[in-house]
Amino acid sequence: MIPITPRGFKDVLPDEARWREEIITCVQARLALWGYDPIETPTLEVGEVLELGGTLSDQALRLIDSDGKLLVLRPDVTLPVARLVASRRGFAERLGERPLRFRYTQSVFREQESLRAQAREFTQIGTELIGKTGAAADAEVVLLFSEALAATGLSDYTIVLCTVGVLRELITACIRVGDLPSEWGASVLAASHRSDLVALQTLVDDPRLPKHYQAALLRIFGIRGGREAIEECRELVDGLDCMDGLEQLATSYAIIEQSEAHAHVLLDFSVMSDFDYYTGMVFEAYAPGLGLRLGGGGRYDRMLADFGLDAPAAGFAFGLERAMHALLTQEGADRANLGGADLRRLSIDDDDPAKAFREAQILRAQGLRIALDFAPSTETEDREDA
Amino acid sequence: MLDFSAPREPSTPREPSTPRKPRVSGTLKPLRIAVPKGSLYRESIDLLTQAGLDTRGLIEPGRQLVIHNEGVSFFIVRPTDAPVFVAYGGVDCGICGKDSLLEAELELMELADLRFGGCRFVVAEPAAAHGAAEDSYRRLGVMRVATKYPRIAASYYDSIGVQVEIVKMHGNVELAPLCGMADRVVDITASGSTLRENDLVIVDEVLASTARFVGNPSSVRIDPRVNELAERLKALVGKEPPRRREA
């Protein structure tokens, strides 16, 4: 039998582990500067409990324990944190005073088909801002996401931002005006979740729908850019009774515009994530050279209520491994201290083994990295690990 | 995590504070387009040429798999692999049949219906064995279906509430019912001639397919050229009725 690991689960060897540690440390230190506290949740959750917060996709890895309970390996960290805050004593009272701010680095697990080159265990770094809704809270989440990505060492990344409000309100308005069945709305949402603009075109070509509603639904997915994108969207949906979400987005974007992160943030109304739990802003991050999403997030104000505590929440998460992949493709990106070149070695003298330990302690106290050589050797030398 | 890159040489460590050279997002790089060889190839090239792309060398590529032209690189791929290249960011965008998209079930953006390469997914059985499949289903509770498209076949039978055993084939699917290995086939057909020549008759329609222009979600969001190309292609194909794929 060849001692392999399960498909999509892998070992992390020192060169990678050092780099991971460096990035995690950098990013978490940055998140801490914003007043976010670390949090950890268990690897396994009770299946039916997690389901309260939203339908678990087929991608959740499940197992049955000896009590016969269906358990789920956490498919993300947002659901477990919502479960934690809603269920653990004391949080409801604390929320009355000020919002909760949490940060985490945790592995998550998702089922993948074989031969699709996808990991089933990967690492998410993210935050949760719980207990506050509104444009300023939205802006904090986006700005922090941008800082977190920058803290990984990435210089070239784009966060595309929009709000599910506009599309949902537009669909509701279309259903009302065209007297369309609610299934039509569900199909439009599903097509936009799949980014299937061809199916969308077919759905929108409904004769019962007035022309300017048709045009609005089709054109909205093509709107992207800076401040002008909001104006373009505003003109498009003017008089169609779906401005609420847009105004909050405009206010958030005005805050973002005045920060250093603005060069990395674009409005893009094609962004509709495939999670059904978003209620307001939604965003995704991309980097050139990485064909896959770096990460994303948004606002999910009804999720905690599903676990029994009515509190708004927003957050982001990105894949550490994807960020590292993007870093390797970006010119001049931060590299880990591959090989640990600054490591010094000290030999142990058989006659007085304690001496090397004493000397090493003195050097370590000065901040030097010292490893002891057990094999007899005559000199202390600098060495580069391969 | 995806890692298609070749193993890299360990690089020299650098100080984290060194300023990085600003980089223009991808725009200077050629746009990477997947073009499916086979029945969609010629019309794909025609359309890309009309859209103003430099398609020189694409018609007669010889054994070359990649054609690098001014501002654009064409990757000649197997039709069923096109969604994979696009979804994983091997290319920025590409052309492939709706059939391949449905079968691949990958995360990518379907940007335009190109209206050529029309074909239908059908269920067929040997004319001589008419009724045998139903008989087998009634008395054995199961029907065996051969197909190159197991996902499409499975979702079709699930939707009509018929339990089947699906046998995945890689080609010449028509043989399976002819030699009695399967009761029926689920396959694509443009004109139906291959089925007829093998004495198979169509018993049901599954879905219709045409060629689509698809984009990698990352490229669509950060490289405006993908959407520009989608718009040009949409304007070119207009709303004329779909044309059949020549089988």
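Reminder, nothing fancy here: chain letters follow the sequence lines and each chain counts from 1. Everything numeric in this text was worked out from a predicted model, so none of it was measured.
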Completion exercise
Here the salt bridge (Lys or Arg N to Asp or Glu O under 4.0 Å) pairs for residues 73-83 of chain B, sequence neighbours left out, are none
Handout entry: N/O donor-acceptor pair under 3.5 Å between Ser218(B) side chain and Tyr286(A) backbone
Key = no
Exercise for the section: Select one option (side chain, backbone, both, neither) describing which atoms of Val220(B) are under 4.5 Å from chain A's heavy atoms. Expected result: both
Practice task
Quick one: pull up CZ in Arg151(B) and CD in Glu113(A) and give me the separation to the nearest 0.5 Å.
Solution key: 4.0 Å
Completion exercise
Rounded to the nearest 0.5 angstrom, the CG-CD1 distance for Asp268(A) and Ile222(B) is 11.0 Å
Exercise for the section: Please state whether the side chain, the backbone, both or neither of Ala287(A) comes within less than 4.5 Å of a heavy atom of chain B. Expected result: backbone
Handout entry: Minimal non-hydrogen separation, Met109(B) against Ser195(A), with atom names
Key = CG-CB, 3.4 Å
Problem - Under 4.5 Å from any heavy atom of chain A - which part of Leu108(B) - result: backbone
Practice task
Against chain B, label Gln112(A) side chain, backbone, both or neither, depending on which of its atoms sit under 4.5 Å from a heavy atom there.
Solution key: neither
Exercise for the section: Of all the heavy-atom pairs spanning Glu105(B) and Arg116(A), show the shortest one and how long it is. Expected result: O-NH1, 3.7 Å
Handout entry: Interchain contact, Asp196(A) with chain B, by part (heavy-atom threshold 4.5 Å)
Key = both
Problem - Whether over 12 other heavy atoms sit under 6.0 Å from Ile160(B) CD1 - result: yes
Practice task
Output all residues satisfying side-chain hydrogen bond (donor to acceptor under 3.5 Å, both in side chains) with Ser146(A), sequence neighbours left out; order by chain, then residue number.
Solution key: Tyr157(A)
Completion exercise
What one should report as the nearest heavy-atom pair of Arg221(B) and Leu266(A) is O-CD1, 4.4 Å
Problem - Leu200(A), part contacting chain B, at a heavy-atom distance under 4.5 Å - result: neither
Practice task
Please flag which part of Ala87(B) lies under 4.5 Å from any non-hydrogen atom of chain A: side chain, backbone, both or neither.
Solution key: backbone
Problem - Heavy-atom check, side chain of Val198(A) versus side chain of Lys98(B), under 4.5 Å - result: no
Handout entry: Under 4.5 Å from a heavy atom of chain A, the part of Asp113(B) involved
Key = both
